[in-house]
Number of protein chains: 2
Amino acid sequence: MTDAPAPARRGTARERLLVAAGELFYSEGINTSGVEAIAARAGVTKATLYNNFRSKDQLVAEYLRGRLESSRRNRARFDDPAQAPAGRVAAFFEEVEHAIANGTFHGCPYSKAAVEVPGNAEAMVVVQEHYADVIAHFTDVTGDRTTAETIAMIYDGGMLAAKASGTAEPMARAKAAALRLIAS
Amino acid sequence: MTDAPAPARRGTARERLLVAAGELFYSEGINTSGVEAIAARAGVTKATLYNNFRSKDQLVAEYLRGRLESSRRNRARFDDPAQAPAGRVAAFFEEVEHAIANGTFHGCPYSKAAVEVPGNAEAMVVVQEHYADVIAHFTDVTGDRTTAETIAMIYDGGMLAAKASGTAEPMARAKAAALRLIAS
DNA sequence: TCACTTCTATACCGACCGGTATGGCAAACA
DNA sequence: TGTTTGCCATACCGGTCGGTATAGAAGTGA
């Protein structure tokens, strides 16, 4: 609605572009966010954007890859394989619950991207990597791949319902369902 | 990619437009499908489209409403309240499994629309109606609203995973998880 | 000092978008 | 019969899209 608000002015132009693109893509949508608006938000011109990225498609892919690697780093840092499976699964769901509480949750970035970009886009590679990551993680936690895939479905469905309802309650219910599943 | 293929030529212009819009919106995406392409597919010109619909937004809303009411009719016709809950839940999931087998499944139309359309669009009303319908149905079947909401999450997550994988297998797993839930 | 890189600013491109206007033709209906 | 209604075709509107071209300013390192 309003003009681009105060952008982050730290870091290289490329970094600022990725930050700005991430904010706009995630909260306003990928197709809805024009390259001009992204550049403006980064305090940069369109020419600079195209000095740093081959195309908008590549920018989308790198934005998603940034999220993916950030998730991997968080998992490496905070997930404790020595902990009981229930706690590890709960932590995974609670990350989303916290994002909702913070008001920073706008749905699963990957499932949103899968709807917004064409199937042959660079970004879709990252989307597939994400799904593989999640299933691998739950497989590692529960020791069973079928269980892991079921939990992943509950996880994605929970995010969808949370987004639709605007509350964190569906995510809590999703967590409960997942915990019930691994308890049996 | 190619030109508009052979359109259905039965019915009024309005009906053909709704069919064409439905096919394009669902398989190619809402934002990706221009009004000109929809009109061409219906064997009609853009002027006729705007004689029958106020705006593209209204066309999207009526397309979704058509799907919603078709679902309601199917449920009224084929769902048997005398049957056991397990069978009724299974039938609900199997509808999607059949669509996947037919190659006519391209993800949940409502969750896709929710991503593609702005939050204040007419179409979002129909999306909310759909979610309420699903939860009401599962509540009717299971007798418990919390269980119903969990099943609905599994259902949505299953469709997401089915779309991502391109196979019907996640949907079968979702069905199994839902049945396990109501068995306890 | 000079060359190189990276940024800025601006102007432009062709394509497509949703939407409107006009005018004519054909069938349905009085 | 005359009139209305629905559809046709075409041409156009302003706006935005992703992407390119060009020329100059600023900082850097040799």
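What you see is a predicted model; the values in this text were computed from it and never measured. Residue numbers begin at 1 in each chain, while the letters A, B, ... track the order of the sequences. Note: hydrogens, waters and symmetry copies are ignored here, and every other heavy atom, side chains too, is used.
- If you take CZ of B/R14 and P of D/dT5, they are 18 Å apart, rounded to a whole angstrom.
- In this pair, B/F93 and B/Y155 present their aromatic rings perpendicular. The plane angle is above 60°, beyond the 30 to 60° band.
- Rounding to whole angstrom units, CG of residue B/N51 and P of D/dA9 are separated by 14 Å.
- Within the 4.0 Å cut-off from OP1 or OP2 of C/dA9, not a single side-chain nitrogen or oxygen of A/T45 is found.
- For A/A47, the listed nucleotide lying nearest its side chain is C/dA9; candidates were C/dC7, C/dA9, D/dC7.
- Classification of the A/H106-A/Y26 ring pair by plane angle, with boundaries at 30° and 60°, yields perpendicular.
- Rounded to an integer number of Å, the gap from CG of B/L24 to P of C/dC16 is 16 Å.
- Here D/dC7 presents its C1' atom at 14 Å from CZ of B/F53, a figure rounded to the nearest Å.
- At distances below 3.5 Å, at least one donor-acceptor pair connects side-chain atoms of B/S165 with backbone N or O atoms of B/A161.
- Per the geometry, CG belonging to A/L49 stands 11 Å off P belonging to C/dT8, to the nearest Å.
- Salt-bridge annotation for B/D80 and B/R88: absent, with no side-chain N of the basic residue lying under 4.0 Å from a carboxylate O of the acidic one.
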Show the distances under 3.5 angstrom between N or O atoms of the protein and N or O atoms of nucleotides 14-18 of chain D.
unit_1 : atom_1 : unit_2 : atom_2 : d
D/dG18 : OP1    : A/K56  : NZ     : 2.6
D/dG18 : OP2    : A/V35  : N      : 3.0

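- With hydrogens and angles ignored, the 3.5 Å screen pairs a side-chain donor or acceptor of A/R16 with a backbone N or O of A/A42.
- Judged as a side-chain contact (heavy atoms from CB on, under 4.5 Å), and not counting sequence neighbours, the contacts of B/R14 are B/T12, B/N52, B/F53, B/E62.
- When the side-chain nitrogen and oxygen atoms of A/T48 are compared with OP1 and OP2 of C/dC7, none of them lie within a distance under 4.0 Å.
- Contacts of A/N52 with the nucleic acid, taken as non-hydrogen atoms under 4.0 Å apart, involve only primed sugar atoms and P, OP1 or OP2.
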